[in-house]
Q: 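Sharing a structure here in structure tokens format.
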Amino acid sequence: MRVLVIGAGIVGAAVAAGLTRRGARVTVLEERFPGAGTTGTSFAWVNANDKDPEAYFALNHTAVHAYHALGGDGFVPTGHLEWANGETRRLELSARVERLRDRGYAVERITAHRAAELEPDLAAQPDGTDYVYFPEEGHVIPAVLLARLLGETRDHGGRVETGAAVREIKSGRGGVNVTLADGGVRAADVLVTCAGRWTGALVDVPVLDPRVSGTVTNGFLVTTTPVPVRVARVLTGDRLNVRPDGGGRLMLQAPDLDDAADPETPPPDDVGAEMLARLPEVLTGADGARVERTRVGQRAMPADRLTIAGFADPETRVYTVVTHSGITLAPLLGDLVAGEVYGKESALLRPFRPARFTEPAGARPVEPAPVPVQWPIQLERR
């Protein structure tokens, strides 16, 4: 089977690898370079921590299991430590913990002493702070995982074309043709679009435009210079989220600042300064940190804030994938989407078909939430 994949971000790379694993002849079409889109502007936290409704939680929970089956090469399975000080945050965290326990998610209430054992350079928090540890969560170094997935694609005969900007898609019973900006045409039996926030310009599915939709799709990310501080995992507190970013660097995120995030303008200098000012609330020993880079992270956000996965044309030649949980879902989607292209329907993906946006209200029965299962296929180890 000849398959075109649009987009060499983490989702497109995972889908391409999954297809080549099944014997497909894959060509990935990338307008700029691998990881140039959302993959390169992500906090890259792997979790199902606050994902609703139930079917969406189940998809993400299974995806967390998929990362542990994947192992190595970009995935850092050190867990996630969260704490809450104020009454409102403590109540929210407590309710979330109980909800996640009811769903079978790995979560532990821990003491301040245990939190300090996990993260020795964690800053002291006020008395009465609640601490919670999510041991199965982790984070990704996107470029490393992307290299693995694209490398596997090439090892199995796949091709990655950069500078290949798609302008038109035409499908029919005989296959699909793609016209590029330079006038070139590519033909295949099936096309999988993994174009992230640009998906709506290629296929008829509702995706929010990050240029106009505010904090739902945009947020600031700050990368620091290398600092001699011990931090092993994702840390989330009341005013700042932190994770290691390789080479002693830290990645910082402060969601309450995201109102000013605009991908069309350079990030203001005071954003980085404010996050650095908050860093001592999270870590001790990071006094020498400086801002190395501030950028606007952008999410590929379907209109209902859930994943879209399924064929978007009546001839079942154009399969569309778009999700704002791309980092978490990528390895699982790579397997499930490839299976669906080869005719094996996934119960996990059934609630997320593109048709839900066009069917009359009440015409489609509510799907029961699938139960998370261990991912059945392990990516090739080198």
Side-chain angles (χ1 to χ4, degrees), residues 1-44 46 63 66-77 138-166 178 180 184 186 188-199 202 245-246 297-298 300 309 319-323 325-342 375 377-382:
M1 182 187 294
R2 299 170 304 160
V3 184
L4 294 171
V5 176
I6 299 177
I10 203 75
V11 174
V15 169
L19 286 163
T20 58
R21 228 175 281 137
R22 286 164 172 76
R25 289 174 289 162
V26 174
T27 299
V28 181
L29 304 175
E30 167 56 46
E31 182 167 351
R32 291 182 290 170
F33 55 86
T38 302
T39 296
T41 59
S42 171
F43 192 65
V46 174
Y67 265 105
H68 287 275
L70 172 71
D73 287 354
F75 175 50
V76 186
H139 63 277
V140 166
I141 306 301
V144 177
L145 181 56
L146 194 60
R148 173 180 181 170
L149 295 169
L150 292 177
E152 182 182 354
T153 298
R154 289 189 292 263
D155 290 347
H156 286 92
R159 298 172 57 244
V160 180
E161 290 189 28
T162 56
V166 175
V178 168
L180 306 181
R186 304 290 184 272
D189 300 303
V190 176
L191 168 73
V192 183
T193 67
C194 303
R197 58 186 184 269
W198 297 281
T199 299
L202 298 174
D245 199 37
Q298 294 181 273
Y319 193 107
T320 296
V321 185
V322 59
T323 177
S325 297
I327 292 290
T328 293
L329 294 178
L332 179 65
L333 286 176
D335 179 57
L336 298 184
V337 171
E340 294 211 319
V341 168
Y342 272 86
W375 195 43
I377 293 178
Q378 195 163 343
L379 289 182
E380 177 182 317
R381 294 181 181 274
R382 297 184 181 181

Q: Heavy atoms only: give me the nearest Val28-Ala16 pair and the separation to one decimal.
A: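 Looking at all heavy atoms of both residues, the shortest contact is CG2-CB, 3.7 Å.
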Q: Is any side-chain heavy atom of Trp198 closer than 4.5 Å to a side-chain heavy atom of Thr193?
A: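 No, side chains not in contact.
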Q: Do Leu329 and Val11 have side-chain heavy atoms sitting under 4.5 Å apart?
A: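 Heavy-atom side-chain distance check fails, nothing below 4.5 Å.
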Q: How far does CG of Leu191 sit from OH of Tyr319, to the nearest 0.5 angstrom?
A: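 Taking CG in Leu191 and OH in Tyr319, the distance rounds to 12.5 Å.
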Q: Minimum heavy-atom separation for Val15 to Cys194, with atom names?
A: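 The answer is CG2-SG, 4.1 Å.
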Q: Starting at CG of Asp335, measure out to CD of Glu340 and round the result to the nearest 0.5 Å.
A: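 Between atom CG of Asp335 and atom CD of Glu340 there are 10.5 Å.
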Q: Evaluate Val3 against Asp189 for side chain to side chain contact (heavy atoms under 4.5 Å, CB included), listing each step before the verdict.
A: CA-CA 6 Å; Val3 184; Asp189 300 303; 6.0 Å; no
Q: First locate atom CD1 of Ile6, then atom CZ of Arg186, and finally report the distance between them rounded to the nearest 0.5 Å.
A: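 Here the rounded value is 12.0 Å.
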Q: Hey, could you give me the OG1/CG distance between Thr20 and Asp155, rounded to the nearest 0.5 Å?
A: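 So the OG1 of Thr20 and the CG of Asp155 are separated by 8.5 Å.
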Q: Find out whether Val166 and Leu4 are in side-chain contact, i.e. whether some heavy atom of one side chain is under 4.5 Å from a heavy atom of the other.
A: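 The answer is no; the side chains never approach within 4.5 Å.
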Q: What pair of heavy atoms forms the shortest contact from Ser42 to Ala44, and how long is it?
A: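 Heavy atoms only, the tightest pair is OG-N, 2.9 Å.
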Q: I need the minimum non-hydrogen distance between Gly12 and Val5, along with the two atoms involved.
A: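 Looking at all heavy atoms of both residues, the closest pair is O-CG1, 3.8 Å.
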Q: On a heavy-atom basis, which atom in Pro34 and which in Leu146 lie closest, and how many Å separate them?
A: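 Closest approach of Pro34 to Leu146: C-CD2, 3.7 Å.
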Q: Carefully, step by step, assess Leu145 and Ile141 under the rule side chain to side chain contact (heavy atoms under 4.5 Å, CB included).
A: CA-CA 7 Å; Leu145 181 56; Ile141 306 301; over 6 Å; no
Q: Are Val140 and Val76 side-chain neighbours, meaning at least one heavy-atom pair lies under 4.5 Å?
A: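 No. Closest side-chain heavy atoms not under 4.5 Å.
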Q: Just wondering, do Met1 and Arg22 contact through their side chains at under 4.5 Å, heavy atoms?
A: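 A side-chain contact under 4.5 Å is absent here.
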Q: Report the distance from atom OG1 of Thr153 to atom CG of Leu149, rounding to the nearest 0.5 Å.
A: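 Answer rounded to 0.5 Å: 7.0 Å.
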Q: Going by the rule side chain to side chain contact (heavy atoms under 4.5 Å, CB included), which residues pair with Ala165 if we only count those two or more places apart in sequence or in a different chain?
A: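 Partners of Ala165 by the side chain to side chain contact (heavy atoms under 4.5 Å, CB included) criterion, ordered by chain and then number, come out as Glu31, Arg167, Ala181.
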Q: How close do Ala13 and Leu150 get, heavy atom to heavy atom, and via which atoms?
A: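 It is CB-CD2, 3.6 Å.
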Q: Quick one, Thr323 and Leu333 - any side-chain contact, counting heavy atoms below 4.5 Å?
A: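 The answer is yes, as the side chains (C-beta and beyond) meet within the 4.5 Å cut-off.
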Q: I'd like to know if the side chain of Arg148 reaches the main chain of Val144, judged simply by a donor and an acceptor atom lying under 3.5 Å from each other, with no hydrogens or angles considered.
A: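 Judged by distance alone, no pair lies under 3.5 Å.
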Q: Determine, stepwise, if the pair Ile327 / Tyr67 fulfils side chain to side chain contact (heavy atoms under 4.5 Å, CB included).
A: CA-CA 10 Å; Ile327 292 290; Tyr67 265 105; 4.1 Å; yes
Q: Distance from Arg154 atom CZ to Arg159 atom CZ, nearest 0.5 Å?
A: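 Here the interatomic distance stands at 12.0 Å.
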Q: Once the angle between the rings of Phe75 and His68 is folded into 0 to 90°, is it parallel (under 30°), tilted (30 to 60°) or perpendicular (over 60°)?
A: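 Geometry flag for His68 against Phe75: perpendicular rings.
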